[in-house]
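Sequential numbering from 1 along the given sequence is applied to the chain's residues. The basis for the numbers below is simple: all heavy atoms, side chains too, and nothing from hydrogens, waters or symmetry mates. These numbers were taken from a predicted model, which means no experiment stands behind them.
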Amino acid sequence: MLLIREIEKEIELILENKNCSIEKNIIEAKHTYNQALKRINKKKDYQLYQSILISFGRFLDKYAFYNDALNVYKVLLPLTIESYGSNDLLTATIYNYKGSVHDSLNQFDDALYCYNKAITIYKKTYGPTNVDLAKVLNNLSYMYEHMGEYKKALRFASHAYKMQMEILGETHPDTLTTCNSLGLIYEEMGNLKSAMTHFNKALTIREKVLGVEHGDTAVSYNNIGLVFCNLRNYIKALIYYKKALCVNLKIFGEYYSNTALCYHNIGVVYEYLNDYEQALYYYEKSLNCREYIYGKENTETAESYHCLGSLYQSLHNYPKSLNYYQQALAIRLKLLASNHPQVATSYNNIGLVYNEIEETDQAIIYLTKALKARKKSLGVNHYDTGISFYNIGTVYENKENYPKAYHYYLKALRTVEPSLGKDHPTVANLYTAIGSIHFYRKDYAKALIVLKIAAEIKEKIFGKNHQETALAYENLASLCNEIKKYEQALFYYHKVMNIEKKVSIVDEEKIGELFYHMAIASFLISKKKESLSYLRSALKIKKKYASSDKSKIEEIEACISHLKKQT
């Protein structure tokens with residue numbers, strides 16, 4: 001089919017035109033496809049007309065024009081069935097493409113219908129094992145992942161992977177794509193060890209087969225960076241994200257979607273590291289790329305505005321934060337359905353800003369909008385819906401309405417835990433939140449039980465020497481202090497201290513505070529020598545920092561003087 005190759009070559013040349021923005025090139029490419037379709041007499045040149053529609057649909061899907069792509073497939077599918085029959089392999093292929101677009105639009109019932117149609121045709125033609133069937137199964141795993149049904153996603157991806165390993169071998173690009181999919185599902189489920197195993201396997205093969213400077217290899221670097229980011233190992237996350245960036249810049253250049261994603265991810269890490277200047281630099285780089293590629297009114301560009309909103313929220317610049325969040329919301333409402341998950345995310349974060357500035361009524365309004373949108377688009381059992389329950393709970397906790405806070409925290413836990421399993425950071429954080437409500441209501445026995453559960457989960461996920469685990473121990477120490485179990489409090493403070501001294505960037509002021517708390521606990525169980533030693537260590541650190549509270553220094557000095565007389 002010479003003409004379709006000529007049309008696709010023309011599209012490639014249009015997209016490679018460096019004299020225009022990619023946004024303008026995409027518009028011209030769409031126009032070229034439409035003109036080609038108008039020129040073709042579909043009754044005389046049906047095969048060519050159909051080939052152009054297939055190519056056009058794939059193009060629109062690639063550049064996120066999902067509604068346009070869906071309209072193309074709505075025309076193409078009945079034409080294909082009419083010409084080749086309802087059980088033809090090409091019909092199955094179109095069902096698969098159409099299902100993918102429905103998935104991107106969160107039209108999950110329609111996506112499932114299309115995927116099942118494709119599966120039925122492939123099984124009827126090839127039997128239970130073939131490469132085309134494996135591709136559909138992998139797409140089904142993506143859909144269930146988007147729906148938050150991670151166990152189903154894992155089942156379909158594992159089935160596809162096993163099939164591809166048998167037919168194609170472990171080094172085939174399709175097999176590696178599914179291996180990567182499995183890693184992403186495990187990452188979503190909080191099983192970071194399994195996620196890292198799959199990402200490392202894909203990376204090792206890609207480096208060997210494709211080389212270091214390949215787009216797929218860059219994807220592997222990025223995914224390993226994602227796991228390190230979730231493990232709060234931000235230095236290693238930066239190393240891998242920057243590796244991915246270097247590869248993408250060398251192969252694809254500055255104005256490429258994955259380059260923009262790398263800038264975005266690096267910005268996220270710097271924000272976590274509280275290096276807001278670097279975070280701003282990379283977020284703005286990502287925004288510039290996305291505006292160049294997609295224009296100002298695109299969901300990818302909206303994501304960059306959203307991240308800038310998050311950054312200014314971290315900086316407590318709430319007017320700027322709200323401005324960027326509102327810009328992102330306006331774009332999303334214009335391009336997406338009112339209950340789309342991205343719209344819900346905008347409502348959610350605007351609500352969180354209002355909560356931080358103690359405009360709790362506004363916070364509830366926006367967070368409730370987010371919850372309603374997520375229930376409608378994702379369902380009541382989705383992870384994001386659970387997070388909405390949690391966020392509403394935090395507002396009620398701030399309002400000191402502890403019964404309502406507890407109600408929403410419990411709903412969040414019952415939503416999130418079944419899909420993610422118990423060993424997930426979010427589940428640990430929910431147990432911590434529930435523990436805090438028990439604490440405020442002076443139900444210390446229940447508080448102790450759930451805070452211990454939170455600590456056990458964090459130990460299992462992060463290990464015994466991680467700062468997230470230290471935070472869980474610190475919560476237990478504070479509770480033990482409150483209920484006058486000072487021996488236990490001292491036990492947990494020691495655990496926190498051991499971790500804090502091992503981290504790559506030691507927070508001496510934090511260690512000074514720990515010495516102070518350990519001194520008080522020691523004194524209350526008559527360990528006066530230990531108390532004196534801890535107070536001296538605390539004082540030494542406090543005097544090093546100008547930011548230290550002078551009254552606190554005077555208090556420690558008075559305690560030391562008092563203890564000296566007693567020992």
Practice problem: Measure the spacing between CG of L77 and CD1 of I81 and express it to the nearest 0.5 Å. | Solution: 4.0 Å
Quiz item: With a 6.0 Å cut-off on ring centres, are Y150 and Y144 close enough?
Solution: no
Quiz item: Is there a donor-acceptor pair under 3.5 Å between the side chain of S377 and the backbone N or O of N339?
Solution: yes
Self-check item: Test of ring centre spacing under 6.0 Å for F108 and H102
Solution: no
Quiz prompt | Test item: side-chain donor near acceptor, E187 and N230, under 3.5 Å | solution = yes
Quiz item: Under the side-chain hydrogen bond (donor to acceptor under 3.5 Å, both in side chains) criterion, do N180 and N223 qualify, and how do the steps go?
Solution: CA-CA 8 Å; N180 188 66; N223 290 337; 2.4 Å; yes
Practice problem: Applying salt bridge (Lys or Arg N to Asp or Glu O under 4.0 Å), run through K30 and D68 and close with a yes or a no. | Solution: CA-CA 10 Å; K30 286 175 71 177; D68 291 342; 3.2 Å; yes
Practice problem: For N222 and L245, run side chain to side chain contact (heavy atoms under 4.5 Å, CB included): C-alpha distance rounded to whole Å, both residues' side-chain angles, the deciding distance at 0.1 Å, then the answer. | Solution: CA-CA 8 Å; N222 183 75; L245 176 63; over 6 Å; no
Practice problem: Dump the intermediate steps for side-chain hydrogen bond (donor to acceptor under 3.5 Å, both in side chains) on E356 and Y318, then the final yes or no. | Solution: CA-CA 9 Å; E356 285 187 32; Y318 298 116; 2.8 Å; yes
Practice problem: Say whether, by atom type as modelled, one donor and one acceptor occur between the side chain of T259 and the main chain of Y255 under 3.5 angstrom. | Solution: no
Quiz item: Is there a donor-acceptor contact under 3.5 Å from the side chain of H146 to the main chain of Y142?
Solution: yes
Exercise. Mind checking the CD-CD spacing from E145 to E188? Nearest 0.5 Å is all I need.
Key: 5.0 Å
Quiz item: Do Y221 and Y241 make the cut of ring centroids closer than 6.0 angstrom?
Solution: no
Quiz item: Taking the six-membered ring for Trp, are Y396 and Y408 parallel (under 30°), tilted (30 to 60°) or perpendicular (over 60°)?
Solution: parallel
Quiz item: Is the closest side-chain donor-acceptor distance between N139 and N96 under 3.5 Å?
Solution: yes
Quiz item: Would a line drawn from the ring center of Y240 to the ring center of F228 be shorter than 6.0 Å?
Solution: yes
Quiz item: Would you say the side-chain atoms of T368 pair up with the backbone N or O of I364, donor to acceptor, closer than 3.5 Å?
Solution: yes
Exercise. Considering non-hydrogen atoms only, spot the tightest contact between R290 and L261 and give its length.
Key: NH2-CA, 4.1 Å
Self-check item: E149 and R155: CA distance, side-chain angles, deciding distance, salt bridge (Lys or Arg N to Asp or Glu O under 4.0 Å) verdict
Solution: CA-CA 10 Å; E149 295 190 34; R155 187 169 77 245; over 6 Å; no
Quiz item: Can you tell me if T175 and E170 form a side-chain donor-acceptor pair at under 3.5 Å?
Solution: no
Practice problem: Give a yes or no answer on whether the side chain of H159 reaches the backbone of L154 with a donor-acceptor pair at less than 3.5 Å. | Solution: no
Quiz item: Where is the tightest heavy-atom contact between S286 and S304, given as atom of each residue plus distance?
Solution: OG-OG, 3.5 Å
Self-check item: Any donor-acceptor N or O pair under 3.5 Å, side chains Y383, T426
Solution: yes
Exercise. Test E271 against S310 for side-chain hydrogen bond (donor to acceptor under 3.5 Å, both in side chains), laying out the working first.
Key: CA-CA 9 Å; E271 186 176 349; S310 170; 3.0 Å; yes
Quiz item: Would a distance-only check, ignoring hydrogens and angles, find a side-chain to backbone donor-acceptor pair under 3.5 Å from N355 to G351?
Solution: no
Exercise. On the 0 to 90° scale, with breaks at 30° and 60°, tag the Y354-Y366 ring pair as parallel, tilted or perpendicular.
Key: parallel
Quiz item: Does a side chain donor of either T299 or Q342 reach within less than 3.5 Å of an acceptor in the other side chain?
Solution: no
Practice problem: Could you tell me which non-hydrogen atom of N130 sits nearest to which non-hydrogen atom of D132, and how far apart they are? | Solution: OD1-N, 3.1 Å
Quiz item: Does the N138 side chain pair with the main chain of A134, one donor and one acceptor, at a distance under 3.5 Å?
Solution: no
Self-check item: Donor on one side chain, acceptor on other, N348 and N391, under 3.5 Å
Solution: yes
Practice problem: Search all heavy atoms of V269 against all heavy atoms of A237 and return the closest pair with its distance. | Solution: CG2-CB, 4.2 Å
Quiz prompt | Y272, OH atom: more than 12 neighbouring heavy atoms under 6.0 Å | solution = no
Quiz item: side-chain hydrogen bond (donor to acceptor under 3.5 Å, both in side chains) between Y305 and E291: does it pass, once the steps are laid out?
Solution: CA-CA 11 Å; Y305 288 136; E291 283 186 339; 2.8 Å; yes
Quiz item: Taking all atoms of both residues into account, what is the closest heavy-atom pair of Y283 and H264, and its distance?
Solution: CE2-O, 3.6 Å
Quiz item: Are the aromatic rings of Y115 and Y95 close, with centres under 6.0 Å apart?
Solution: no
Practice problem: Determine the interplanar angle of the H306 and Y325 rings, folded into 0 to 90°, and report it as parallel if under 30°, tilted if 30 to 60°, perpendicular if over 60°. | Solution: tilted
Practice problem: State the CG-CG distance between L231 and L192, to the nearest 0.5 angstrom. | Solution: 5.0 Å
Quiz prompt | Ring geometry between Y97 and Y73 (parallel below 30°, tilted from 30 to 60°, perpendicular above 60°) | solution = tilted
Quiz prompt | Contact summary for G85 and T91, nearest pair of heavy atoms | solution = O-OG1, 2.8 Å
Practice problem: Would you confirm whether T80, through its side chain, and L76, through its main-chain N or O, come within 3.5 Å as a donor-acceptor pair? | Solution: yes
Exercise. Count the heavy atoms of every other residue, nucleotide or ligand shown that sit under 6.0 Å from CZ of R414, and state whether that count exceeds 12.
Key: no
Practice problem: Kindly determine whether E254 and K285 satisfy salt bridge (Lys or Arg N to Asp or Glu O under 4.0 Å), including the steps that lead there. | Solution: CA-CA 9 Å; E254 178 85 1; K285 290 277 281 184; 3.3 Å; yes
